[in-house]
Amino acid sequence: MDLFLFFFSPQVLLLACAEDLECVPGFQQKVFYIEKPFEFTEDQLVLNLKFDDCKGNNKLNFEVSNPDFAVELDGNLVALKNVSEVGKALFVHARSEHAEDMAEIFILEASEKRGALKEILKIEGNLGIPRQKRAILAAPILIPENQRPPFPRSVGKVIRSEGTEGVKFRLSGKGVDQDPRGIFRINEMNGDVSVTRSLDREAIANYELEVEVVDTNGKTIDGPVRLEIAVIDQNDNRPMFKEGPYVGHVMEGSATGTTVMRMAAFDADDASTENAQLRYNILRQTPTKPSPNMFYIDPEKGDIVTVVSPALLDRETMESPKYELVVEAKDMGGMDVGLTGTATATILIDDKNDHAPEFTKKEFQATVKEGVTGVIVNLTVGDRDDPATGAWRAVYSIINGNPGQSFEIHTNPQTNEGMLSVVKPLDYEISAFHTLLIKVENEDPLIPDIAYGPSSTATVQITVEDVNEGPVFHPNPMAVTKQENIPVGSVVLTLNATDPDTLQHQTIRYSVYKDPAGWLEINPTNGTVGTTAVLDRESPFVHNNIYTALFLAIDSGNPPATGTGTLHITLEDVNDNVPSLYPTLAKVCDDAKDLRVVVLGASDKDLHPNTDPFKFELSKQSGPEKLWRINRLNNTHAQVILLQNLKKANYNIPISVTDSGKPPLTNTTELRLQVCTCKKSKMDCSATDALHISLTLILLSLLSLFCKE
């Protein structure tokens, strides 16, 4: 057949084919391009659609995607009213007893018309405008998705201008002999293209096939020519809310029109059609008070905004500060035929500090015993704001009556009460009554038009109860310095304690509480402390030259009260300890070449200057020859040196050590020297006891001989 261009009006341009030899069910023309007018007027004829099911069009009806247009029984598409905005396309669905089909009308600006014509006709492509020597005409095929059986269903036709006798049509590409295979096929003899099953545009929206003409031997005669098949979207996907949960917040008292949140749904249908054009609506609000329409949703954007006055958006007067909205998204631009999806939006009314805290009463009473610390009273307040926020949490302060900082107030985090405490013990004798002025505020500042009033302050009257207090030592602790070894019965000092209960005339008696060494006594009436034993600075009860004892002062109250005083006695040192020598045992080999036997050290329990430097001396040696000598090394050490090798034996060497005290004290200590046999780095001292020679015994024997003479 031949291909022609028809212009039905200045606004309408369509592509049509001459009458085929056989009937193809459906719209005879499926795609139209029209130039957008300034306005479609009521009853205006837009274009004429021709639908033929090849069996008489029994029970034929049309449905237009835009409700402002309709198709009459004769196929005329007309506007039902004056319309200025219709979008970029209209879709007309036709259905009869034996066939159904879809037609598309694209609405173009004047500048777009030329390009659209070129696209449809594919002047530079393979859409059937015959070039020289081109015999295959393959116009684009548009197929609605989700068609119902029966299949296969004829969807278009490829034409060879030179006839089909002795040749065959061959179709190839994705959807034919490539995955997904077998969707399309072509009648080899007449070029009729058919689809074998229902299509899903959301899976594959376009197919690009190739058609060619071959002879009986399979040799290509014409082609290949591209055949484009586009799947027309149908509204087969519901809108879906994928980004939940949806939670929004709005401050109480917000102005009307305040944006709370945005709800956005997704539709898998073609975004360029009304199948995916969504409109939003609030189906239900819970709770419905103070207004059943607290919020509004922008039908196109999905923005939820407040629509009530700020006075109604008062969290403290609401049945609940949480609202739940069931939001519906409907495609097809919100038309009744559109598919819907729903989601729940939760909106929380956030609190702001629009209520000042108020004390439950203007004056509180408290009683506390003198000398006691801790919480004495809990101050209660009321606040209508949200307990979970700083607009409710209270902050207390003492603004008057606390010059000595004896009181502090803190907030109980569970109850929000003010816990008033005594932090410095009170004295009944100084003041029996205290009056405090307390202020309460919130952690968060109040909003500008709200202020703290008289109810945000309260008075606390505190009564101090008298208690029999124990006597107090002055000073405490007490310190005195004494020389150790003072005579027993010496006076150390006199303690002084007074009774703070000045309004009660009581007497005080003294007693020893702790005297670790048992050195002291006290006069119970006047508090004079004396010694009952010698004070020894070197005693284990003395630490860093200080001896510590505790004394009690007891008043005559009923019951009596007690005070404790501490006495530190610093003991001055006297030279009352002789120095000691170490070590007292030394060993040496009988054939030793190094005759330096041992280094001796001296120590003294006394303090300097009653200690070193020490004087080391040997007692007089017997016999014609001297066997050893002692050399002073420093203030505290000396060295014993043998003057010759000695036989294996034990020797006792008397050594005297004298300190530097005034008067000096001397101590004589015997150094036991063992002369041993040494072989192969082993020292054998086992037989020295049998050969024991005591220098002391020798001296005594010689002395006895001289006495007999």
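Because the structure is predicted, anything quoted here is derived from the model rather than measured.
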(message) Testing the basics here: between L278 and P239, what is the closest heavy-atom pair and its distance to 0.1 Å?
(response) CD2-CG, 3.6 Å
(message) Between the side chains of R95 and E100, is the shortest nitrogen-to-carboxylate-oxygen separation below 4.0 Å, so that they form an ion pair?
(response) yes
(message) As a quick check of understanding, evaluate ring pair (Phe, Tyr, Trp, His ring centres under 6.0 Å) for F32 and F106, giving each step before the final call.
(response) CA-CA 6 Å; F32 300 83; F106 292 97; 10.0 Å; no
(request) Mark yes or no for whether Q28, through its side chain, and G26, through its backbone, hold a donor-acceptor pair below 3.5 Å. (result) yes
(request) Any chance you could measure L60, atom CG, to D53, atom CG, to the nearest 0.5 Å? (result) 7.5 Å
(request) Would you check if the side chain of K168 reaches a backbone N or O of V213 as a donor-acceptor pair within less than 3.5 Å? (result) no
(request) Evaluate the criterion side chain to side chain donor-acceptor pair (under 3.5 Å) for residue pair D192 and N190; output intermediate values, then yes/no. (result) CA-CA 6 Å; D192 187 46; N190 60 21; 5.6 Å; no
(request) Determine, step by step, whether D269 and E202 satisfy the side-chain contact (heavy atoms from CB on, under 4.5 Å) criterion, reporting the C-alpha distance in whole Å, the side-chain angles of both residues, the deciding distance to 0.1 Å, and the verdict. (result) CA-CA 7 Å; D269 289 319; E202 286 70 41; 3.0 Å; yes
(request) Indicate yes or no for a side-chain donor-acceptor contact from T220 to the backbone of D222 under 3.5 Å, with no hydrogens or angles considered. (result) no
(message) Quick check against the 3.5 Å criterion: does S291 have a side-chain atom that pairs as donor or acceptor with the backbone of N293?
(response) yes
(message) If I take atom NZ from residue K157 and atom CZ from residue F169, how far apart are they, to the nearest 0.5 angstrom?
(response) 8.5 Å
(message) Are there over 12 heavy-atom neighbours, none belonging to R153, within less than 6.0 Å of that residue's CZ?
(response) yes
(request) Give me the ring orientation class for F27 and F62: parallel if the planes are under 30° apart, tilted from 30 to 60°, perpendicular past 60°. (result) tilted
(request) Report yes if the side chains of I204 and P180 come closer than 4.5 Å at any heavy-atom pair, otherwise no. (result) yes
(request) Kindly compute the distance separating OG1 (T389) from CG (D351), expressed to the nearest 0.5 Å. (result) 4.5 Å
(request) Kindly say whether K219 contributes a backbone atom to a donor-acceptor pair with the side chain of D215 at under 3.5 angstrom? (result) yes
(message) Regarding E316 and R384, does a basic nitrogen lie under 4.0 Å from an acidic carboxylate oxygen?
(response) no
(request) Verify, without hydrogens or angle tests, whether T411 (side chain) and A394 (backbone) share a donor-acceptor contact under 3.5 angstrom. (result) yes
(message) For R284, is the CZ atom crowded, meaning more than 12 foreign heavy atoms sit under 6.0 Å from it?
(response) no
(request) Could you tell me whether the side chain of S320 reaches within less than 4.5 Å of the side chain of Y323, counting heavy atoms only? (result) no
(request) Please name the pair of heavy atoms, one in A356 and one in Y452, separated by the smallest distance, quoted to 0.1 Å. (result) CB-CD2, 3.9 Å
(message) For a 4.5 angstrom cut-off between non-hydrogen side-chain atoms, does I347 reach H249?
(response) no
(request) Please tell me if the side chains of D68 and L80 come closer than 4.5 Å, counting only heavy atoms from C-beta onward. (result) no
(message) Please find the pair of heavy atoms, one from A138 and one from V225, that lie closest to each other, and give the distance.
(response) CB-CG1, 4.1 Å
Show me the donor-acceptor pairs within less than 3.5 Å that the side chains of residues 325-343 make with the rest of the protein, sequence neighbours left out.
residue, atom, partner, partner atom, Å
D331, OD1, N235, ND2, 2.8
D331, OD1, L339, N, 2.6
D331, OD2, N235, ND2, 3.2

(message) Between E42 and K81, does any NZ, NE, NH1 or NH2 come within less than 4.0 Å of an OD or OE carboxylate oxygen?
(response) no
(request) Kindly compute the distance separating CE (M263) from OH (Y246), expressed to the nearest 0.5 Å. (result) 5.5 Å
(message) Quick check for you: to the nearest 0.5 Å, what is the distance between L348 atom CG and E324 atom CD?
(response) 9.5 Å
(message) Within the 4.5 Å heavy-atom criterion, are T256 and T258 side-chain neighbours or not?
(response) no
(message) Checking N442 against D444: is there a side-chain donor and acceptor pair closer than 3.5 Å?
(response) no
(message) I'd like to know if R181 and D179 make a salt bridge, using a cut-off of under 4.0 Å between side-chain N and carboxylate O.
(response) yes
(message) Applying side-chain contact (heavy atoms from CB on, under 4.5 Å) to N206 and I229, what does each step give before you reach the verdict?
(response) CA-CA 6 Å; N206 293 281; I229 297 178; over 6 Å; no
(request) Decide whether N57 and S96 meet the rule of one side-chain donor and one side-chain acceptor closer than 3.5 Å. (result) no
(request) For the pair D233 (side chain) and D270 (backbone), establish whether a donor and an acceptor sit closer than 3.5 Å, ignoring hydrogens and angles. (result) yes
(message) As a quick check of understanding, evaluate side-chain contact (heavy atoms from CB on, under 4.5 Å) for F69 and L77, giving each step before the final call.
(response) CA-CA 7 Å; F69 295 86; L77 174 65; 4.1 Å; yes
(request) Could you pull out the closest heavy-atom pair between P357 and E441, with the gap in Å? (result) CG-C, 4.0 Å
(message) Taking V305's backbone N and O only, do any of them form a donor-acceptor pair with T259's side chain (distance below 3.5 Å, no angle check)?
(response) no
(message) So if I apply the side-chain contact (heavy atoms from CB on, under 4.5 Å) rule between L209 and each of V158, L171, I183, which one comes out positive?
(response) L171
(message) Counting C-beta onward and ignoring hydrogens, is there a side-chain heavy-atom pair between F295 and I282 closer than 4.5 Å?
(response) yes
(request) Answer yes or no: is there a side-chain heavy-atom contact under 4.5 Å between T306 and V250? (result) yes
(request) May I have the step-by-step check of side-chain contact (heavy atoms from CB on, under 4.5 Å) for Q234 and M102, ending in yes or no? (result) CA-CA 9 Å; Q234 290 200 344; M102 177 82 75; 3.8 Å; yes
(message) For R226, is there an ion pair with E210 - N to carboxylate O distance below 4.0 angstrom?
(response) no
(request) Compare every heavy atom of A345 with every heavy atom of I304, then report the nearest pair and how far apart it is. (result) CD1-CB, 4.2 Å
(request) Could you grab the distance from atom CZ of F151 to atom CZ of R197, nearest 0.5 Å is fine? (result) 10.0 Å
(message) Assess the residue pair E443 and R393 against the criterion (salt bridge (Lys or Arg N to Asp or Glu O under 4.0 Å)); give the C-alpha distance rounded to whole Å, side-chain angles, the decisive distance to 0.1 Å, and a yes or no.
(response) CA-CA 6 Å; E443 286 185 4; R393 290 189 289 270; 3.0 Å; yes
(message) Which heavy atom of R160 sits nearest to which heavy atom of I221, and what is that distance?
(response) NH2-CG2, 3.8 Å
(message) If you count heavy atoms of other groups shown closer than 6.0 angstrom to CG of L283, is the number above 12?
(response) yes
(message) Looking at V167, is its backbone amide N or carbonyl O close enough to the side chain of E165 to form a donor-acceptor pair, meaning the two atoms are under 3.5 Å apart?
(response) no
(message) Side chains of D383 and H355 only: does a donor on one sit below 3.5 Å from an acceptor on the other?
(response) no
(request) Verify, without hydrogens or angle tests, whether Q44 (side chain) and T41 (backbone) share a donor-acceptor contact under 3.5 angstrom. (result) yes
(request) Would you tell me whether D267 and N237 have side-chain atoms, one donor and one acceptor, within less than 3.5 Å of each other? (result) no
(message) A side-chain contact here means heavy atoms from C-beta on lying under 4.5 Å apart; do V78 and V46 qualify?
(response) no
